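Everything numeric here is computed off the predicted structure, so don't read it as measured data. Chain A is the first sequence line, chain B the second, and so forth, proteins listed ahead of strands; every chain is numbered from 1.
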Protein chains: 2
Amino acid sequence: MTYRDALPALADPTRRKIFERLRHGAKPVGVIAKGLPVSRPAVSQHLKVLKEAGLVDDRAEGTRRVYYIDPNGLADIRRWLDQFWDEALEAFRAEAEKDQEKK
Amino acid sequence: MTYRDALPALADPTRRKIFERLRHGAKPVGVIAKGLPVSRPAVSQHLKVLKEAGLVDDRAEGTRRVYYIDPNGLADIRRWLDQFWDEALEAFRAEAEKDQEKK
DNA sequence: CATCTCTGTAAGTCATAACTTACCGTAAGT
DNA sequence: ACTTACGGTAAGTTATGACTTACAGAGATG
């Protein structure tokens with residue numbers, strides 16, 4: 001439900017592929033799995049992880065389950081990153097100067 | 001050197017703690033390790049991973065090694081996330097509508 | 001209602017990566 | 001020079017998580 005789940009979820013290459021496949025719109029599990037180098041159950045397990053991380057959501061459509069990207073998980077990561085951005089950038093410049101002094 | 005390394009690097013809780021400790025400025029390894037629930041060599045190993053991911057950089061200072069956050073790794077992740085942001089947000093609204101139709 | 005399609009779950013296997021202790025090199029202090 | 005402080009690396013252990021196959025349930029279709 002936060003960046004603590006979302007970051008590990010997106011750390012796995014296969015899971016990122018799945019996530020990227022949903023980028024242009026919702027897709028059922030079978031379609032997602034097609035072409036991937038892993039079995040369909042593996043895809044189901046990955047989708048579960050992504051869902052628990054708030055990165056995707058799903059909706060029943062007959063016997064199919066359609067998955068789509070949930071922006072909430074992305075927002076969680078973004079907020080966490082932004083927390084570092086300004087401070088880190090300034091500190092980095094300061095360190096760069098110190099490195100130059102060494103010459 | 002890209003989000004493919006940076007995301008796994010920040011997926012580990014211990015590594016995130018280390019990274020967060022550098023948020024307010026550069027610190028030597030010993031200081032970083034103090035208070036963490038893992039050994040100092042473990043911290044060294046984590047710092048190596050963070051460095052290879054472009055998330056931190058270091059500088060020799062006498063016998064100490066001072067580490068600080070490198071914004072490049074953060075920027076890589078940011079770019080990757082932004083790639084999804086707009087599209088995902090719009091798609092999410094569309095899906096939310098479909099869910100409402102179901103009622 | 002029998003069957004076929006689609007998906008999730010259970011159970012087990014295997015690789016990886018997060019740790020540990022032991023050791024080595026290097027720079028500073030006496 | 002000797003010792004002490006600091007940190008990286010090697011080697012080995014262990015837990016975890018990414019996969020597999022087998023199975024079960026729920027909805028469409030004849």
Undergrad: Donor-acceptor check, side chain of B:R15 to backbone of B:A9, threshold 3.5 angstrom: yes or no?
TA: yes
Undergrad: Between D:dG7, C:dG8, D:dC19, spot the one nearest the side chain of B:R65, thanks.
TA: D:dG7
Undergrad: If we count only N and O atoms by modelled type, under 3.5 Å, do the side chains of B:E20 and A:W80 hold a donor and an acceptor together?
TA: yes
Undergrad: If we ignore hydrogens and angles and just use 3.5 Å, is the side chain of A:R40 paired with the main-chain N or O of A:V29 as donor and acceptor?
TA: no
Undergrad: Whole Å only: how far is the NZ atom of A:K48 from the C1' atom of D:dG17?
TA: 13 Å
Undergrad: Check this one for me: any side-chain N or O of B:Y67 less than 4.0 Å away from OP1 or OP2 of D:dC6?
TA: no
Undergrad: In whole angstrom, give the distance that lies between atom CZ of A:R59 and atom P of D:dG27.
TA: 16 Å
Undergrad: Identify which nucleotide among D:dT9, C:dT7, D:dT20 has an atom closest to any side-chain atom of A:A42, counting heavy atoms from C-beta outward.
TA: D:dT20
Undergrad: Hey, which of these two, B:P28 or B:Q45, hits DNA chain D nearer its 5' end, going by closest nucleotide?
TA: B:P28
Undergrad: Rounding to an integer number of Å, can you tell me how far A:D12 CG sits from D:dG17 C1'?
TA: 9 Å
Undergrad: Is the phosphate of D:dT21 approached by A:S39 (side-chain N or O, under 4.0 Å from OP1 or OP2)?
TA: no
Undergrad: What is the distance, to the nearest angstrom, from the CG atom on A:L47 to the P atom on C:dC6?
TA: 16 Å
Undergrad: What's the CG-C1' distance between A:L36 and D:dC19, to the nearest Å?
TA: 13 Å
Undergrad: Tell me the interatomic distance from B:R40, atom CZ, to D:dA5, atom C1', rounded to whole angstroms.
TA: 11 Å
Undergrad: Crowded around B:E90 CD? As in, over 12 foreign heavy atoms under 6.0 Å?
TA: no
Undergrad: Let me know the distance between NZ of B:K34 and P of D:dG7, rounded to the nearest Å.
TA: 10 Å
Undergrad: Taking A:R4 first and then A:D76, would you say they form a salt bridge - that is, a charged N and a carboxylate O separated by under 4.0 Å?
TA: no
Undergrad: Indicate whether OP1 or OP2 belonging to C:dC19 is found under 4.0 Å from a side-chain N or O atom of B:H46.
TA: yes
Undergrad: Give the rounded distance in Å between these two atoms: NZ of A:K17 and C1' of D:dA18.
TA: 14 Å
Undergrad: Side-chain N or O of A:R15 less than 4.0 angstrom from OP1 or OP2 on D:dA18?
TA: yes
Undergrad: Please confirm whether the shortest side-chain N or O distance from B:T63 to OP1 or OP2 of C:dA28 is below 4.0 Å.
TA: no
